[in-house]
Amino acid sequence: MRVLCVFGQHNYGDRARGEGYEYANFIPALRRLGHEVIFLDSWNRNHYRTFAELNRALLCAVDKYRPEVVFSVLTHYEIWLETWEILRGSGIAATVNWATDDSWKYSQFSRLVAPAFHAFTTTCPDAYSSYQRDGISHVLLTQWAANAAGLRPPLSAGECHFSVSFVGTAYGKRRTWVDALRRRGIDVACFGHGWPHGPVAAEDIPRIIHSSVISLNFANSGRPWQGILSPLASQIKARMFEVPGAGGFLLTEWANGMEQYYEGEREVAVFRDLEEMENKIRHYLAHPAQRDAIAWAGYERTRAVHTYDQRLVQVLGFALNQHQKYLAGQGAPTFQIDWDRFEEASHRHRVNRRLMLVRRALIAACSAAWGSAIGPRAARRLVFELSWRLTGARTYSSEGWPGRMFYDLR
């Protein structure tokens with residue numbers, strides 16, 4: 001089967017931040033399953049001059065290669081709703097999006113764009129309930145997983161190079177808690193954007209995990225902007241599966257639903273606050289045999305049921321089934337791209353003088369408040385937050401304010 005993958009080659013479209021998670025995991029899994037993979041990088045703004053060029057490139061790729069499935073991982077408004085609706089209506093391919101961060105992005109993003117797809121996925125149990133409540137039924141509850149090519153039996157604690165390690169971006173309480181552990185005499189080797197070691201290549205992450213007595217995982221994600229008291233969302237992370245799969249011992253912060261995938265204190269270890277994390281680090285460093293037994297149990301569970309080869313069989317099957325259901329209710333499809341509709345959408349995307357004046361004024365004001373480095377991004381964030389609240393799904397259409405005003409800001 002031919003699958004067109006639409007996401008980023010690098011994290012946030014930035015080569016300096018290393019190879020993207022989806023690129024490193026989804027594409028190899030699809031190829032191991034025997035599928036022909038075509039890739040379109042939708043995150044790197046250097047590849048196209050405008051969002052219109054990016055959207056046209058996607059439609060051209062579908063028209064040229066005629067894939068059975070278009071598999072995307074959207075960040076925000078890079079691919080317009082009109083583009084997905086054109087693809088859905090054409091009947092050429094099943095369209096499916098792997099939603100990320102639904103623990104906090106559901107209200108501002110996923111519920112607004114999901115109706116434009118044949119199929120949608122979520123890794124958040126609470127969000128899945130929200131989809132059903134809101135009448136969005138073509139959604140599959142799935143989960144992150146481990147790369148089957150990176151499965152490695154655990155080392156014993158005595159063979160490991162690092163006592164405690166963490167791989168991930170430094171933000172929020174991650175930095176605070178790691179600093180607190182260090183003050184209490186527990187050294188944590190940290191790798192990723194924002195740490196002194198900096199980002200590491202995707203292929204180096206399993207090596208670090210494999211050679212660590214304890215690998216930490218935090219469940220906090222992005223913060224929905226709801227004012228001064230905005231809550232931090234908690235979610236199951238991909239690292240929860242990657243660590244046991246790479247033969248590591250996982251000490252993870254608790255997240256809702258994780259008990260469906262691993263048994264706490266038998267296949268992984270779990271903490272809920274700083275004090276419990278510290279106590280369990282000290283306990284398992286002092287009891288290596290117990291640590292080794294848990295690492296082996298987690299590895300066996302992951303190898304048996306938690307790899308992307310297994311996950312993507314389910315996702316593709318679901319997408320094809322939903323595609324057939326859609327076509328059965330629509331009559332005879334055209335199997336053609338509606339280029340007239342795309343040109344209308346592209347025309348609505350044009351930027352006028354008024355929008356540019358607003359952009360300049362916002363950037364100037366935000367730069368005065370937060371500096372020239374943060375100011376432009378703060379201006380874009382302000383426009384985005386106002387847009388989805390005031391205009392809803394229009395934010396992700398060709399005429400949405402953020403996309404028309406801020407193509408050159410990630």
Side-chain angles (χ1 to χ4, degrees), residues 6-8 12 22 42-43 51-52 54-55 58-59 70-90 94-142 221-227 230-231 233 235 315 318-319 322-323 325-326 338 341-342 344-346 348-349 355 380-407 409-410:
V6 184
F7 40 78
Y12 304 98
E22 294 81 5
S42 58
W43 295 2
F51 281 124
L54 168 60
N55 280 258
L58 172 56
L59 293 178
V70 178
F71 180 30
S72 66
V73 183
L74 296 177
T75 55
H76 280 300
Y77 40 77
E78 65 270 22
I79 305 296
W80 304 330
L81 286 181
E82 295 96 330
T83 300
W84 292 118
E85 290 166 354
I86 289 169
L87 289 177
R88 184 186 60 181
S90 73
T95 57
V96 58
N97 183 70
W98 181 286
T100 63
D101 296 318
D102 261 356
S103 60
W104 60 275
K105 285 176 67 175
Y106 175 77
S107 61
Q108 65 181 248
F109 176 71
S110 297
R111 69 181 176 89
L112 301 173
V113 303
F117 287 80
H118 294 118
F120 218 73
T121 77
T122 184
T123 60
C124 178
D126 291 339
Y128 181 74
S129 298
S130 297
Y131 284 109
Q132 305 307 307
R133 178 200 66 205
D134 294 340
I136 306 171
S137 60
H138 56 290
V139 178
L140 174 70
L141 177 60
T142 185
S221 61
R223 184 188 295 269
W225 196 3
Q226 298 175 0
S230 299
Q235 63 184 13
V315 170
F318 181 77
Q322 292 298 313
H323 182 225
K325 285 183 178 180
Y326 176 84
D338 187 344
R341 184 178 180 189
F342 175 76
E344 292 172 0
S346 184
R348 291 193 296 271
H349 187 68
L355 277 180
R380 185 208 59 182
R381 179 68 181 269
L382 176 62
V383 170
F384 170 73
E385 294 293 340
L386 289 173
S387 180
W388 76 262
R389 285 174 167 82
L390 296 177
T391 69
R394 183 180 174 185
T395 300
Y396 305 102
S397 72
S398 62
E399 57 187 332
W401 299 335
R404 293 169 67 196
M405 296 172 67
F406 294 103
Y407 176 82
L409 288 177
R410 290 167 174 77

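Side-chain contact between I79 and L54 is present, with heavy atoms from C-beta onward closer than 4.5 Å. Residues F109 and D101 fail the side-chain proximity criterion, which asks for heavy atoms closer than 4.5 Å. Side-chain contact between V96 and L140: absent, with no pair of heavy atoms (C-beta onward) separated by less than 4.5 Å. Between L59 and I86, some side-chain heavy-atom pair lies under the 4.5 Å cut-off.
For the atom pair N97 CG and S110 OG, the distance stands at 7.5 Å (nearest 0.5 Å). Atom-to-atom distance recorded for H76:NE2 and F384:CZ is 4.5 Å, nearest 0.5 angstrom. Atom CG of D338 sits about 11.0 Å away from atom OG1 of T83, to the nearest 0.5 Å. Once rounded to the nearest 0.5 Å, the distance linking CD of E385 with CG of L382 reads 8.5 Å.
For W80, the ring pair (Phe, Tyr, Trp, His ring centres under 6.0 Å) partners two or more places apart in sequence, or in a different chain, are F342, H349. Remark: S387 pairs with T391, T395 by the side-chain hydrogen bond (donor to acceptor under 3.5 Å, both in side chains) rule, at least two apart or across chains. Evaluation of the ring pair (Phe, Tyr, Trp, His ring centres under 6.0 Å) rule for Y326 yields H118 as partners, not counting sequence neighbours. Looking at residues two or more places apart in sequence or on another chain, you find no side-chain hydrogen bond (donor to acceptor under 3.5 Å, both in side chains) involving S42. For H323, the side-chain hydrogen bond (donor to acceptor under 3.5 Å, both in side chains) criterion is met by no residue, not counting sequence neighbours. P125 is linked by a side chain to side chain contact (heavy atoms under 4.5 Å, CB included) to nothing, counting only residues two or more places apart in sequence or in another chain. Here F71 pairs with F26 under the ring pair (Phe, Tyr, Trp, His ring centres under 6.0 Å) rule; sequence neighbours left out. Here Y128 pairs with T122, Q132, V139, L141 under the side chain to side chain contact (heavy atoms under 4.5 Å, CB included) rule; sequence neighbours left out. For T121, there are no side-chain hydrogen bond (donor to acceptor under 3.5 Å, both in side chains) partners at least two apart in sequence or on another chain. Taking the ring pair (Phe, Tyr, Trp, His ring centres under 6.0 Å) definition, one finds that F7 meets it with F39, sequence neighbours left out.
Between the side chain of Y396 and the main chain of L112, no donor-acceptor pair closer than 3.5 Å is present. At least one donor-acceptor pair under 3.5 Å links the side chain of R111 to the backbone N or O of S107.
When all heavy atoms of T75 and K105 are compared, the closest pair comes out as O-NZ, 3.0 Å. The two atoms that bring S398 and A345 nearest to each other are OG-O, 3.0 Å, heavy atoms only. When all heavy atoms of P402 and Y77 are compared, the closest pair comes out as CB-CE2, 3.4 Å. Taking each heavy atom of A99 and Y131 in turn, the nearest pair found is CB-OH, 4.2 Å. The nearest pair of heavy atoms linking W43 to V73 is NE1-O, 3.2 Å. When all heavy atoms of A393 and L81 are compared, the closest pair comes out as O-CD1, 3.3 Å.
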Next on the checklist: Quick one, W84 with V113, criterion side chain to side chain contact (heavy atoms under 4.5 Å, CB included). Give me CA distance, side-chain angles, the key distance, then yes/no.
Outcome noted: CA-CA 9 Å; W84 292 118; V113 303; over 6 Å; no
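Applying the salt bridge (Lys or Arg N to Asp or Glu O under 4.0 Å) test to pairs two or more places apart or on separate chains, those with a residue in residues 73-90 are E82-R348, E85-R341. For residues 123-142, no pair satisfies salt bridge (Lys or Arg N to Asp or Glu O under 4.0 Å), with sequence neighbours left out.
Classification of the F120-F117 ring pair by plane angle, with boundaries at 30° and 60°, yields perpendicular.
Using a cutoff of 4.0 Å between basic side-chain nitrogens and carboxylate oxygens, R394 and E399 are scored as salt-bridged.
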